[in-house]
Amino acid sequence: MNEKGNPKLSVVIPMKNEAVNIAPLFRRLFPILNALKISFEVICIDDGSTDETFSTLRQHQESHPELVILAFARNFGQHAAVMAGFEHAAGEWIITMDADLQNPPEEIPKLVAAFEAGHDLVGTYREGRQDPFFRRFASDLVNRMTRKISGVSIQDFGCMLRGYTRDIAKQLARQKDYRIFIPALATLFAKDPVEIPVSHAPRTAGESKYSFMKLLSLQLDLMTSLSLAPLRFLFFTGSIIAILGISFGLLLILLRIILGPAWAAQGIFTLFAILFILIGGQFIAFGLLGEYIGRIFKEVRGHPSYVIRETCRGNRENLLSHESHQKNGSLT
Ligand code: UDP
Ligand code: MG
């Protein structure tokens, strides 16, 4: 602890229905943190779990006073949970990780070493990723697309075992937009980032919280939060479709003049095809516009990005504060 009583390292772990993983996780995590010989805290965010995650965490708090529990009032999603962790972290270095042991705690010393070497943002990429083929394929696609759209050249956006200095974490927590892509956004604030390889394990127990639909909506969030490129793409595609449509129209008129009225009757189907293309294009346009307008709507509405029901600290008094906190999604 430093003179203010703040730990050197904060480990932030979002948890949704991870009760079965808590004991195996802590059995590996705490010995590693203790061996580092630096002061630390472990902040677990219970993201509206419906299983015994909260009570299990409370039990562990008795033997691990370094444990801080933030219990969300309901499920706000992994990114909101990480943001809450950033907001509450007191450490100089902050490391985020998943609760399902897919990010081996044994890799933490590597991240700490990178901090000690002076880096302020420690990214990671997964070596020998242990996920189903579909997830790896989707993730590869997401990584490529995100690299292109955001112009941020990170190898692996999806690995949540990452390190941030307090300055960067607090800046991230202050961002208005809570549907942001933390790893990509962090690079905006970093002066000396580094990327290191870490190993990856299959999920030990419980199931993934990301269905295909959730992944898809996450990707749309990420894409629209990082840039306006999709809007521009829309404009260009729209223009091309319109030009093609006009040329087709001219061609049809020409053919009608040359080949006579008998031919034109059959051309109806061509017209239908063109119509469908145009309608399709319009629908894509509306969808994307709606997405951006939706974001503005959410922003204007200013609902909190998360609501904390309870904060439990693991010291002798155990419960420090029982009141509800709110973090507003639209801080200025
Ligand atoms: N998580 C969360 N809130 C959610 C979904 C997930 O806090 O709404 C946590 C989850 O408990 C885990 C981490 O985020 O610690 C990563 O989730 P998961 O392992 O399900 O994702 P995957 O590995 O399948 O990408
Ligand atoms: Mg996982």
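All ligand and atom numbering here is 1-based and tracks the order in the structure. Residues: numbered from 1 along the sequence shown.
- In this structure Arg28 satisfies the salt bridge (charged side-chain N to carboxylate O under 4.0 Å, His left out) test together with Glu106, sequence neighbours excluded.
- Of the protein's non-hydrogen atoms, Asn75 ND2, 3.1 Å is the one closest to atom 8 (O) of ligand 1.
- Scanning all protein heavy atoms for the shortest distance to atom 13 (C) of ligand 1 gives Asp98 OD1, 3.5 Å.
- When each atom of ligand 1 is checked for a heavy atom of Ala99 under 4.0 Å away, the hits are 15 (O).
- Proximity annotation for atom 2 (C) of ligand 1: of Leu25, Asn17, Asp47, Asp47 comes nearest, heavy atoms only.
- Of the candidates Val12, Thr96, Leu121, Arg162 forms a side chain to side chain contact (heavy atoms under 4.5 Å, CB included) with just one, namely Thr96.
- Counting only protein N, O or S atoms, the number found under 2.8 Å from the Mg ion (ligand 2) is 2.
- Between Phe72 and Phe76, the angle of the ring planes goes over 60°, which puts this pair in the perpendicular group of the 30/60° scheme.
- In this structure, Gly163 and Leu111 approach most closely via the heavy-atom pair N-CD2, 3.6 Å.
- Contact annotation: the side chain of Phe30 approaches that of His64 to within less than 4.5 Å [non-hydrogen atoms, C-beta and beyond].
- Proximity of a side-chain donor or acceptor of Asp51 to a complementary backbone N or O of Ala19 within less than 3.5 Å is detected.
- Taking each of Lys214, Glu18, Glu207, Arg135 in turn, the one with a heavy atom nearest to atom 10 (C) of ligand 1 proves to be Glu18.
- Once rounded to the nearest 0.5 Å, the distance linking OG of Ser49 with NZ of Lys16 reads 8.0 Å.
- Residues passing the side-chain contact (heavy atoms from CB on, under 4.5 Å) test with Ala169, sequence neighbours excluded: Phe86, Ile94, Tyr164.
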Walk me through it: do Arg166 and Ser10 pass the test side-chain hydrogen bond (donor to acceptor under 3.5 Å, both in side chains)?
CA-CA 9 Å; Arg166 185 172 42 215; Ser10 298; over 6 Å; no

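- Of all protein heavy atoms, the one closest to atom 9 (C) of ligand 1 is Pro14 O, 3.7 Å.
- When only non-hydrogen protein atoms are considered, atom 18 (P) of ligand 1 lies nearest to Arg203 NH2, 3.4 Å.
- A distance of 12.0 Å separates CG in Asp100 from CD1 in Ile22, rounded to the nearest 0.5 Å.
- For atom 20 (O) of ligand 1, the closest heavy atom belonging to the protein is Lys209 N, 2.6 Å.
- Contact atoms of ligand 1 toward Tyr210: 17 (O), 21 (O), 25 (O) (distance under 4.0 Å to a heavy atom of the residue).
- The salt bridge (charged side-chain N to carboxylate O under 4.0 Å, His left out) test applied to Arg27 returns no partner, not counting sequence neighbours.
- Neither the backbone nor the side chain of Ile13 has any atom closer than 4.0 Å to an atom of ligand 1 (non-hydrogen atoms only).
- Nearest protein neighbour of atom 23 (O) of ligand 1, counting heavy atoms only, is Gln102 OE1, 2.7 Å.
- At a threshold of 4.5 Å between side-chain heavy atoms, the hydrophobic network of Ile, Leu, Val, Met, Phe, Trp and Tyr places Ile38 and Val122 in one connected group.
- Nearest protein neighbour of atom 24 (O) of ligand 1, counting heavy atoms only, is Ser208 OG, 2.5 Å.
- Looking at Arg203, its side chain does come within 3.5 Å of a backbone N or O of Ala205 through a donor-acceptor pair.
- The protein atom (non-hydrogen) at minimum distance from atom 19 (O) of ligand 1 is Asp100 OD2, 2.6 Å.
- At a heavy-atom distance under 4.0 Å, no atom of Met160 approaches ligand 1.
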